[in-house]
Amino acid sequence: MKGPRHGGANIRACEMMEAVISEIGIDATEEQMRDVVIRILDRRFYDNKGLVYGFGHAVYTISDPRAEILRDYCRMVAHEKGRDEECDFYEKFEKVAQQTIMQVKNTPISNNVDYYSGYAYNMLGIPHDLFTPLFVCARMSGWLAHNIENKLYDGRILRPATVYVGGESEYVPIEKR
């Protein structure tokens with residue numbers, strides 16, 4: 001659970017939106033938004049990877065119902081926090097990004113839950129470092145249920161693939177620890 005595409009996508013979406021607002025301002029026009037989306041797609045803005053974070057999903061190709069529900073809750077929280085103007089920006093950027101990506105890539109795309117979840121966490125004062133653990137906590141019971149079902153009904157041993165990504169360290173004998 002790491003990285004900008006799974007588990008960490010809401011961090012990237014949040015950081016991207018902060019960079020966009022910093023670049024064009026909270027009162028930007030649709031044309032300014034369109035220009036920044038094109039620059040993102042052309043790898044000339046934000047992280048130069050050509051990805052508009054918070055858009056697209058392997059399963060939810062037409063719309064992400066989770067994002068639609070979360071958008072409404074973000075609107076309520078933004079109002080309580082006095083961040084209505086920022087929420088307006090997010091909603092307008094969502095529509096402009098969808099239209100622009102359709103024009104450039106000739107494929108319909110919707111925003112996904114990460115677009116608004118990063119924003120929601122930000123409004124709640126949750127640090128970016130906790131976004132991924134929250135993602136994991138929300139899925140833990142489902143993963144455990146899936147594992148239990150496999151053990152009860154499948155009979156196969158599950159061995160998830162792992163890759164160590166930590167740094168190297170010297171071995172310290174137990175008596176010297």
Side-chain angles (χ1 to χ4, degrees), residues 1-26 28 33 36-37 39-41 43-60 64-94 97-98 101 109-147 158-172 177:
M1 299 300 354
K2 72 174 193 68
R5 293 191 182 186
H6 200 260
N10 53 11
I11 297 169
R12 289 294 216 178
C14 189
E15 291 173 345
M16 178 193 73
M17 291 305 291
E18 289 168 0
V20 167
I21 291 169
S22 177
E23 178 80 3
I24 61 177
I26 197 85
M33 291 179 183
V36 82
V37 171
R39 288 172 45 211
I40 291 170
L41 293 171
R43 301 172 187 241
R44 295 183 290 121
F45 184 70
Y46 184 53
D47 65 357
N48 302 322
K49 298 216 171 149
L51 299 172
V52 183
Y53 294 100
F55 289 83
H57 194 276
V59 176
Y60 301 117
D64 184 341
R66 304 166 305 167
E68 293 176 16
I69 292 166
L70 195 51
R71 178 192 311 116
D72 294 338
Y73 282 107
C74 281
R75 169 60 60 199
M76 289 188 283
V77 174
H79 185 69
E80 287 179 21
K81 299 278 186 178
R83 293 172 69 170
D84 291 311
E85 191 177 17
E86 185 180 16
C87 193
D88 291 342
F89 183 91
Y90 263 77
E91 290 177 4
K92 194 156 89 172
F93 187 87
E94 173 189 348
Q98 289 171 334
I101 294 168
I109 195 166
S110 69
N111 64 314
N112 59 48
V113 72
D114 295 310
Y115 182 71
Y116 282 107
S117 67
Y119 178 48
Y121 291 161
N122 178 277
M123 286 193 290
L124 295 173
I126 297 170
H128 287 185
D129 289 348
L130 293 180
F131 286 16
T132 303
L134 284 171
F135 177 89
V136 171
C137 287
R139 287 152 181 82
M140 190 72 72
S141 60
W143 292 338
L144 290 171
H146 182 76
N147 192 312
L158 271 167
R159 290 189 178 92
T162 60
V163 177
Y164 178 71
V165 295
E168 300 217 6
S169 59
E170 293 289 321
Y171 174 76
V172 178
R177 293 184 212 169

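None of the values given here were measured: they were computed from a predicted structure. For the numbers below, each heavy atom of this structure counts, side chains included, while hydrogens, waters and symmetry mates do not.
Counting heavy atoms from C-beta outward, Met17 and Asn122 have side chains that stay 4.5 Å or more apart. Residues Phe93 and Ile21 have side chains not in contact (no heavy-atom distance under 4.5 Å, counting atoms from C-beta outward). Between Tyr46 and Glu23, every side-chain heavy-atom pair lies at or beyond the 4.5 Å cut-off.
Taking OH of Tyr121 as the reference point, atom CG of Leu134 lies at 4.5 Å (rounded to 0.5 Å). Here the CG-NE2 distance, from Asp84 to His79, works out to 5.5 Å after rounding to the nearest 0.5 Å. We find the CZ-CG distance between Arg139 and Leu144 to be 14.0 Å, quoted to the nearest 0.5 Å. With values rounded to the nearest 0.5 angstrom, Leu130 atom CG is found 12.0 Å from Leu124 atom CG.
One finds no salt bridge joining Glu86 and Lys81 here, because no Lys/Arg side-chain nitrogen approaches an Asp/Glu carboxylate oxygen to under 4.0 Å. Comment: Asp88 does not engage Arg83 in a salt bridge, judged by the lack of any side-chain N to carboxylate O separation of less than 4.0 angstrom.
A distance-only check finds a donor-acceptor pair linking the side chain of Tyr119 to the backbone of Cys87 [under 3.5 Å]. Under the 3.5 Å distance criterion, the side-chain polar atoms of Arg75 are left unmatched by any main-chain donor or acceptor of Arg71.
In this structure, Tyr115 has its ring center under 6.0 Å from that of Tyr90.
The shortest non-hydrogen separation linking Gly56 to Asn112 is O-ND2, 2.6 Å. Nearest heavy-atom pair, Cys14 versus Gly118, reported as atom, atom and distance to 0.1 Å: SG-O, 3.7 Å. The shortest heavy-atom contact between Asp64 and Asn111 is CB-O, 3.6 Å. Among all heavy-atom pairs drawn from Tyr53 and Asp47, the shortest one is OH-OD2, 2.6 Å. Of all non-hydrogen atoms in Ile40 and Met16, the two that sit nearest each other are CD1-SD, 4.0 Å.
Taking the six-membered ring where tryptophan is involved, the planes of Phe131 and His128 are tilted, since the angle between them lies from 30° to 60°.
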* Applying side chain to side chain contact (heavy atoms under 4.5 Å, CB included), run through Phe135 and Ile11 and close with a yes or a no. => CA-CA 11 Å; Phe135 177 89; Ile11 297 169; over 6 Å; no
* **CA sep, side-chain torsions, deciding dist, call: Tyr116, Glu94, side chain to side chain donor-acceptor pair (under 3.5 Å)** => CA-CA 10 Å; Tyr116 282 107; Glu94 173 189 348; 2.5 Å; yes
